Asker: 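Quick one: the structure is below, questions incoming.
Numbered from 1 within each chain, the chains take letters A, B, ... in sequence-line order. Just so it is clear, the structure is predicted and the values come from calculations on it, not from any experiment.
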Amino acid sequence: MLQQTTVEAVKPYFLGFIHKWPTILDLAAASQDDVMRAWAGLGYYSRARNLKKCADIVAENFDGHFPADLAQLKSLPGIGDYTAAAIASIAFDMPVAVVDGNVERVITRLYALSTPLPAAKPDIRRLMQALTPDKRSGDFAQAMMDLGATICTPRRPACVICPLNDNCEALKTTDPEFFPVKAPKKRKPVRMGAAFVAISGNGEVYLRGRAQTGLLGGMTEVPTTEWTSRADGETGIDAAPFEAEWTSSGAITHIFTHFELRLTIYKAQNVQKLASNDGWWISVENLDNEALPTVMKKAIAAAIPDAFEKRRKEA
DNA sequence: TAGACGTGGAA
DNA sequence: TTTCCAAGTCT
């Protein structure tokens with residue numbers, strides 16, 4: 001869950017998962033759809049698909065226990081270099097180098113590595129491995145990550161109180177904020193489309209499932225047009241899932257990692273529920289139980305302003 | 001190896 | 001408002 005995601009964002013999801021599925025065997029026994037519903041809103045949905053796959057494999061092939069072996073850990077879905085090392089180090093006390101974004105920042109500053117990421121990764125791993133102690137390597141890994149999260153921060157690092165400030169090459173010779181060096185980012189393209197919120201006479205909304213792979217894979221959606229780069233004023237009503245009295249109901253913008261999406265929202269009320277469609281109808285009150293990604297909740301909220309209760313963050 | 005892959009918070 | 005970024009992984 002913590003891959004590319006802040007602790008604050010993860011907290012309620014982690015607690016929910018642990019409550020629902022306390023063990024890996026419980027997760028293996030869960031349905032894929034239940035897992036996607038519980039993950040909805042957290043983003044990077046391949047993580048949820050991989051987590052479930054991983055639980056299935058650990059239950060089936062490893063007797064419900066993670067292997068204490070770096071290569072075997074890495075072979076599991078969703079477990080890459082960082083997570084494999086974190087499990088080996090923290091769970092099994094193996095002296096392997098744990099390298100996440102925090103460690104990359106601390107190490108590149110400590111040694112003033114000017115090679116841009118990701119090319120610098122092998123050097124960073126080697127240097128981190130050399131620093132990693134044979135005992136309590138997991139504590140060391142977490143200490144380095146916490147140092148990066150709280151003191152050796154991306155901007156305005158607190159070098160004055162840093163326990164490594166006597167040894168930091170970047171602080172000694174230049175400015176720690178210059179590190180890590182990264183390749184320049186590309187501009188985000190804009191894609192446009194339309195979304196259709198159909199409401200039946202008894203207040204149910206029409207939803208359908210997305211493909212299991214790709215963007216928002218395995219999640220739920222309201223029908224939409226293709227998301228293209230067209231910039232004309234075309235309504236896209238021809239792409240509506242069925243004929244109805246579609247009326248314009250505003251627009252939303254949603255920023256994904258690699259593009260910006262602008263959706264025109266269309267709404268139709270008193271829609272007849274036809275058996276010929278491949279989706280399903282769900283009451284507005286039960287929308288919270290669906291695997292709706294945030295962009296789809298925004299689309300629905302544009303057509304039905306009170307569709308989702310305003311949620312307060314945990315204190 | 002570079003692009004795909006979500007979301008929300010902070011500066 | 002815009003940009004960056006957060007306990008990365010997969011193809």
Asker: Across the strands shown, which category fits A:Pro293 at heavy-atom distances under 4.0 angstrom: base, sugar-phosphate, nothing?
Answerer: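 Sugar-phosphate, no base atom in range.
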
Asker: Taking atom CG of A:Leu207 and atom CE of A:Met219, what is their separation to the nearest 0.5 Å?
Answerer: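 Spacing of CG (A:Leu207) from CE (A:Met219) equals 11.5 Å.
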
Asker: Calculate, to the nearest 0.5 Å, the distance between atoms CD1 and CD1 belonging to A:Ile304 and A:Ile265 respectively.
Answerer: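 These two atoms lie 11.0 Å from each other.
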
Asker: A:Ile255 near the nucleic acid: base, sugar-phosphate alone, or nothing, with a heavy-atom cut-off under 4.0 Å?
Answerer: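 The residue A:Ile255 makes base contact.
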
Asker: Should the pair A:Arg191-A:Glu260 be classified as a salt bridge under the 4.0 Å nitrogen-to-oxygen rule?
Answerer: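 Here A:Arg191 does not pair with A:Glu260 in a salt bridge, since their nearest N and O are not under 4.0 Å apart.
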
Asker: Heavy atoms under 4.0 Å, any strand shown: does A:Gly217 hit a base, just sugar-phosphate, or nothing?
Answerer: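 Nothing, no heavy atom under 4.0 Å.
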
Asker: Do A:Ile124 and A:Tyr111 have side chains that get closer than 4.5 Å, going by heavy atoms?
Answerer: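 The answer is no, as the side chains (C-beta and beyond) never meet within the 4.5 Å cut-off.
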
Asker: Looking at every strand, decide which applies to A:Arg187 at a 4.0 Å heavy-atom threshold: base, sugar-phosphate, or nothing.
Answerer: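 Nothing, no heavy atom under 4.0 Å.
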
Asker: Looking at B:dG6, I'd like to know if its phosphate oxygens (OP1 or OP2) sit under 4.0 Å from a side-chain N or O belonging to A:His254.
Answerer: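 So the side chain of A:His254 is outside the cut-off, no N or O lying under 4.0 Å from OP1 or OP2 of B:dG6.
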
Asker: Is the shortest side-chain N/O distance from A:His258 to OP1 or OP2 of B:dA4 below 4.0 Å?
Answerer: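 The answer is no; no side-chain N or O of A:His258 sits under 4.0 Å from OP1 or OP2.
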
Asker: What's the gap between C:dT9 and B:dT1 when it is taken at their C1' atoms, as a whole Å value?
Answerer: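 The answer is 14 Å between these two C1' atoms.
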
Asker: Check whether A:Trp21 forms a cation-pi arrangement with A:Arg37 (NZ or CZ under 6.0 Å from the six-membered ring centre, at most 45° off the ring normal).
Answerer: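 That pair does not qualify as a cation-pi contact.
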
Asker: Counting just side-chain N and O atoms, does A:Lys186 come under 4.0 Å of either OP1 or OP2 of B:dG3?
Answerer: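 Checking B:dG3 against A:Lys186, a side-chain N or O does come within under 4.0 Å of OP1 or OP2.
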
Asker: Find the distance A:Phe259:CZ to B:dA4:C1' and express it as a whole number of Å.
Answerer: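 Spelled out: CZ on A:Phe259 to C1' on B:dA4 is 10 Å.
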
Asker: For nucleotides 8-11 of chain C, tabulate all protein N/O to nucleotide N/O atom pairs closer than 3.5 Å, reporting atom names and distance.
Answerer:
{"unit_1": "C:dG8", "atom_1": "OP1", "unit_2": "A:Gly101", "atom_2": "N", "d": "3.0"}
{"unit_1": "C:dG8", "atom_1": "OP2", "unit_2": "A:Gln4", "atom_2": "N", "d": "3.1"}
{"unit_1": "C:dG8", "atom_1": "OP2", "unit_2": "A:Gln4", "atom_2": "NE2", "d": "3.3"}
{"unit_1": "C:dT9", "atom_1": "OP1", "unit_2": "A:Gly80", "atom_2": "N", "d": "2.8"}
{"unit_1": "C:dT9", "atom_1": "OP1", "unit_2": "A:Thr83", "atom_2": "N", "d": "3.0"}
{"unit_1": "C:dT9", "atom_1": "OP1", "unit_2": "A:Thr83", "atom_2": "OG1", "d": "2.7"}
{"unit_1": "C:dT9", "atom_1": "OP2", "unit_2": "A:Asp81", "atom_2": "N", "d": "3.3"}
{"unit_1": "C:dT9", "atom_1": "OP2", "unit_2": "A:Tyr82", "atom_2": "N", "d": "3.1"}
{"unit_1": "C:dC10", "atom_1": "OP1", "unit_2": "A:Gly78", "atom_2": "N", "d": "2.6"}

Asker: Rounding to an integer number of Å, can you tell me how far A:Arg155 CZ sits from B:dG9 P?
Answerer: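 Nearest whole value for this atom pair: 16 Å.
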
Asker: Determine yes or no for a side-chain-to-main-chain donor-acceptor pair under 3.5 angstrom, with A:Arg47 supplying the side chain and A:Gln3 the backbone.
Answerer: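 It does hold such a pair.
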
Asker: Separation of A:Lys188 atom NZ from B:dA4 atom P, in whole Å?
Answerer: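 About 11 Å, once rounded to whole Å.
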
